[in-house]
Amino acid sequence: MTRGLFISFEGIDGAGKSTHIQGVAARFRDAGRAVVLTREPGGTPLSEKLRELVLHEPMDALTEALLMFAARREHLMQVIEPALARGDVVLCDRFTDATFAYQGGGRGFDWAVLGQLESMVQQLPEGGLRQPDLTVWFDLDPAIAAERLASARVPDKFESQPADFFAAVRAGYARREAEMPQRFARINAAQTREAVWADVTRVVTPWLGKGAA
Ligand code: TYD
């Protein structure tokens, strides 16, 4: 029997996933589940240091991909796998699909090499790869996302990329979804916040009791 539940949240910058993740955490807690709310890159002290570097320093595309996966390995070992073994719900603000979308789609880095790194980093002792049970993809036209971001904070290295970068990131997410459709739930993030939340609720409700310890 699988223990725990692993849900990732994805989308281009400005798609509005962050507020909804808090709402999903509340739904699981109300259902009596222990929730680990975490993010990538980041989620451990070392991975947060790597996040600082990778979001703010210019670097070669392979270096960037390696740092994303190094941060992920640490996060899996220190936080995600122990939480799943306890039967907790892990809600992760971005996971490997973001690497395929941003480094693969956005940067144009070799998709197959990313697949090799994924196999290395997410290998399970019993065989197979660790993947989210469910990935909620907040899909949004990059032009709308750019409007939403314009009024927001100081952009990081990725947020300051031009619109065609985000069109390529979006295409990267679509490619990942086509490769692993069974775990993806695509949400139309162009709707009102209330309508998006209604869709998110519909997607997560069947999972509230799954993988409980
Ligand atoms: P984000 O998750 O949007 O956090 P915040 O809301 O604090 O800005 O920022 C993380 C950025 O890192 C985002 O632009 C996507 C990028 N990223 C990658 O390029 N590759 C990855 O593998 C991950 C996890 C994130």
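For the numbers below, each heavy atom of this structure counts, side chains included, while hydrogens, waters and symmetry mates do not. We count ligands from 1, going down the list as the structure has it; atoms in each ligand are counted the same way.
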Quick one: look at [X] and ligand 1, take heavy-atom pairs under 4.0 Å, and tell me if it's side chain, backbone, both or neither.
X   : value
T99 : both
P41 : both
K17 : side chain
E64 : neither
V54 : neither

Nearest-0.5 Å distance, CZ of residue F158 to CZ of residue F165: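 Between atom CZ of F158 and atom CZ of F165 there are 6.0 Å.
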Could you tell me which non-hydrogen atom of Q103 sits nearest to which non-hydrogen atom of R107, and how far apart they are? O-CB, 3.2 Å
Under a 4.5 Å cut-off applied to non-hydrogen side-chain atoms, are [X] and [Y] in contact?
X    : Y   : answer
H75  : C92 : yes
M59  : L67 : yes
K157 : E64 : yes
Y102 : M68 : no

[atom]: nearest protein contact (heavy atom, Å):
atom                    : value
atom 11 (C) of ligand 1 : L55 CD2, 3.7 Å
atom 6 (O) of ligand 1  : R153 NH1, 3.5 Å
atom 21 (C) of ligand 1 : M68 SD, 3.4 Å
atom 20 (N) of ligand 1 : Q103 OE1, 2.8 Å
atom 14 (O) of ligand 1 : D13 OD2, 2.9 Å
atom 8 (O) of ligand 1  : E159 OE2, 3.0 Å
atom 16 (C) of ligand 1 : F158 CD1, 3.7 Å
atom 1 (P) of ligand 1  : R94 NE, 3.5 Å

State which residue, out of R94, R51, R72, fulfils the side-chain hydrogen bond (donor to acceptor under 3.5 Å, both in side chains) condition with E40.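 One option only clears the test, and that one is R72.
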Does CZ in R193 sit with more than 12 non-hydrogen atoms of other residues, nucleotides or ligands closer than 6.0 Å? no
Per-atom filter on ligand 1: closer than 4.0 angstrom to a heavy atom of R72 are 22 (O), 24 (C)
Anything under 30° is parallel, anything over 60° is perpendicular, the rest tilted; go ahead and classify F100 against W111. perpendicular
Quick one: do R202 and D199 make a salt bridge, cutoff under 4.0 Å? yes
Closest heavy-atom approach to atom 4 (O) of ligand 1 among E40, R39, R51 is made by R51
